[in-house]
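Residue numbers start from 1 in every chain, and the chains themselves are labelled A, B, ... in the order their sequence lines are given, proteins ahead of strands. This structure is a prediction, so every number in the text was calculated from the model and none was measured.
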Protein chains: 2
Amino acid sequence: MSSCDLCVVRNRAICASLDAKELEALNAIGRTRKITPGESLIWEGEDSVLVANVIEGVLKLSTNTEDGREQIVGVVYPSDFIGRPFGGTSGHGVTALTEAKVCVFSRRDFDAFAREHPALEHKLLERTLGELDRTRRWMLLLGRKSAAEKMASFLLEMTERLGGNGCKLSFENPLQRQLTLPFSRQQIADVLGLTIETVSRQFTRLKNEGIIDLPSRRDVIILDMEALAAEAG
Amino acid sequence: MSSCDLCVVRNRAICASLDAKELEALNAIGRTRKITPGESLIWEGEDSVLVANVIEGVLKLSTNTEDGREQIVGVVYPSDFIGRPFGGTSGHGVTALTEAKVCVFSRRDFDAFAREHPALEHKLLERTLGELDRTRRWMLLLGRKSAAEKMASFLLEMTERLGGNGCKLSFENPLQRQLTLPFSRQQIADVLGLTIETVSRQFTRLKNEGIIDLPSRRDVIILDMEALAAEAG
DNA sequence: CGGTCAGTTGAATAAAATCAAGACTTGTGG
DNA sequence: CCACAAGTCTTGATTTTATTCAACTGACCG
């Protein structure tokens, strides 16, 4: 029995395409690894040496300009795949936002395994197509939305994404949801293409208007989901 | 002999993964179609009914906010694949920028064919991974770059992309390249997340500084590639 | 209790958007 | 072939928006 049988993302990650025997073979070329917040797994610009599945935690994908400005280009959750298979260099760094556990593979080993298992490649293709859709939708936000619209869109996206992924999210009242953000203010700014001050001002405005409450730095309670959706543009 | 044998993108599109017999089968479920500038092949939000390969021309992928602001989220060239295989709705419209020729398939037919041809799915996966990389790089531009940096980056990207794809591009002087843009000023604005006025002002500034010349609306001659690269950030 | 770090708030500034004309292209019909 | 109309692009003046700079507040930790 391979350790994958106990894996919490076994049926959601790309591994779901494999039978017991294949899974054992995949398990043989991978190993799990823990990552602490702020620690990086992959660096921007280096050539792709490893790929991984996220088991636990949240990680950011980010790129930087030469002079140090950062843009977060993606956020990954449990069952998501990270890294760049089939050659090339990694266009973005991968860094943990929370305590995280990943299942890593050498890219060469993974590539070879994938090419022999079309069902795995198919899962990976579906996942990649979905990620491309999501990324393109985010471009509309970056290119065309105001700070207020960006914040509202961000909070709505978080509400969706943090469901069920081991992140706290209460549903007692369907219109009043609490979420614990895996981001600092600066990181939210880096997701939205804003400055930390603008993000902060938007938070206080939303609070003053009674749309959200902020019990602590990382916690947000959405008091008026309708109003938030109306602001998202 | 199938008509694919005469296809100019035969060896660059995902079809390159197929042998003569397979290609004939694919040819049987597809048909070529011409599109005129401004005409759409796919509309945002409708469920995915067709996919296609670009044979000739340039097309834009775009999304709009409810109130009509537009963001171009991708630009496709000959040999590129368009559409959303494997279910779901299309997150963006696809519209011709120039006269274009595409090879279209019903999505259902294509999906079935792809699942029986792992080599084709592999090509599609590589293409999709590449497109995702490119899209994420563009997010840095949208979220973090100034108007000047955006314009310089855009012109550099165009210089790369318009090479060899049937678009005019002269190389007599390696440092002085002429390109014919497939975009109007408004479309450039929609790619960069700017207004048409800002784009226009950046063009005249670059011209005044001797970095480019503008022989006509759609033509740009890059006089100082170094300076342009330095401005791209 | 002081020190550090993250976040907030305010005032001044800068950047790009908006508003408003005007100029140049392109195409059309007389 | 010219005149004119429509559309596209440019330019200028003004306003808006978000950034920048700077000070301050509160939380957490030894």
Side-chain angles (χ1 to χ4, degrees), chain A residues 36-38 60 65 67-72 97-98 140-155 180-209 212-220 231 233, chain B residues 36-38 60 65 67-71 97-99 140-155 180-209 212-220 231 233:
Chain A
T36 56
K60 68 169 183 176
T65 55
D67 62 338
R69 286 167 286 174
E70 176 160 326
Q71 177 65 47
I72 293 180
L97 295 175
T98 65
L140 178 65
L141 175 141
L142 289 175
R144 289 296 183 209
K145 291 193 180 180
S146 67
E149 291 171 326
K150 284 179 175 180
M151 275 299 294
S153 303
F154 171 77
L155 290 172
T180 300
L181 301 174
F183 301 102
S184 68
R185 293 288 185 268
Q186 182 60 60
Q187 286 162 347
I188 295 171
D190 291 339
V191 170
L192 299 177
L194 296 170
T195 58
I196 184 172
E197 295 94 331
T198 301
V199 169
S200 182
R201 281 186 246 272
Q202 291 297 326
F203 266 122
T204 52
R205 183 186 58 80
L206 287 168
K207 186 179 173 180
N208 291 340
E209 292 177 359
I212 62 170
D213 195 20
L214 299 167
S216 78
R217 289 184 169 183
R218 296 272 183 144
D219 291 309
V220 182
E231 272 210 4
Chain B
T36 56
K60 66 170 182 175
T65 55
D67 63 336
R69 285 168 286 174
E70 176 160 328
Q71 177 65 46
L97 295 175
T98 64
E99 291 291 336
L140 178 65
L141 175 140
L142 289 176
R144 291 296 183 207
K145 291 193 180 178
S146 67
E149 290 172 325
K150 285 178 175 181
M151 275 299 296
S153 304
F154 170 78
L155 290 173
T180 300
L181 302 173
F183 300 101
S184 69
R185 293 289 186 267
Q186 182 59 61
Q187 287 161 347
I188 296 171
D190 292 339
V191 169
L192 299 177
L194 296 171
T195 58
I196 185 173
E197 294 95 331
T198 301
V199 170
S200 183
R201 280 186 247 273
Q202 291 297 326
F203 266 121
T204 52
R205 182 186 58 81
L206 287 168
K207 186 179 173 181
N208 290 339
E209 291 176 359
I212 62 170
D213 195 19
L214 299 167
S216 78
R217 289 185 169 182
R218 298 270 181 146
D219 291 309
V220 181
E231 274 211 2

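In this structure the side chain of B:Arg217 never reaches within 4.5 angstrom of the side chain of B:Ser184, judged on heavy atoms.
Using a 4.0 Å heavy-atom distance criterion, B:Ser146 is classed as a sugar-phosphate-only contact.
The distance between atom CZ of B:Arg69 and atom P of C:dA16, rounded to the nearest whole Å, is 18 Å. Taking atom CZ of B:Arg144 as the reference point, atom P of C:dA15 lies 16 Å away to the nearest angstrom.
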Find every protein N or O atom lying less than 3.5 Å from an N or O atom of nucleotides 6-9 of chain C, and list the pairs.
from	atom 1	to	atom 2	distance (Å)
C:dA6	O4'	A:Arg217	NH1	3.0
C:dA6	N3	A:Arg217	NH2	3.4
C:dG7	OP1	A:Arg185	N	3.4
C:dG7	OP2	A:Arg185	N	3.4
C:dT8	OP1	A:Arg185	NH2	3.2
C:dT8	OP2	A:Arg185	NE	2.8
C:dT8	OP2	A:Ser200	OG	2.8
C:dT8	O5'	A:Ser200	OG	3.0
C:dT9	OP2	A:Thr204	OG1	3.3

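Rounding to the nearest 0.5 angstrom, the gap separating the CD atom in A:Gln187 from the CG atom in A:Leu181 is 10.5 Å. Here A:Gln202 contributes atom CD and A:Arg185 contributes atom CZ; the two are 12.0 Å apart, rounded to the nearest 0.5 Å.
By the ring pair (Phe, Tyr, Trp, His ring centres under 6.0 Å) test, A:Phe154 pairs with A:Phe183, sequence neighbours left out. The side chain to side chain donor-acceptor pair (under 3.5 Å) search around B:Asp67 returns B:Thr65, B:Arg69, not counting sequence neighbours. Under the side chain to side chain contact (heavy atoms under 4.5 Å, CB included) criterion, B:Thr36 pairs with B:Glu39, B:Glu99, not counting sequence neighbours.
Summarising the geometry of A:Gly143 relative to B:Gln71, their closest heavy-atom pair is CA-OE1, 3.4 Å, with the distance given to 0.1 Å.
In summary, contact between chain B and DNA chain D, defined as any nucleotide atom under 4.0 Å from a heavy atom of the protein, begins and ends at D:dG7 to D:dA13 in the 5' to 3' direction.
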Could you pull out all donor-acceptor pairs under 3.5 Å where a side-chain atom in residues 188-198 of chain B meets a protein atom, sequence neighbours excluded?
from	atom 1	to	atom 2	distance (Å)
B:Asp190	OD1	A:Arg144	NH2	2.9
B:Asp190	OD1	B:Gln186	NE2	3.1
B:Thr195	OG1	B:Thr198	N	3.4
B:Thr195	OG1	B:Thr198	OG1	3.0

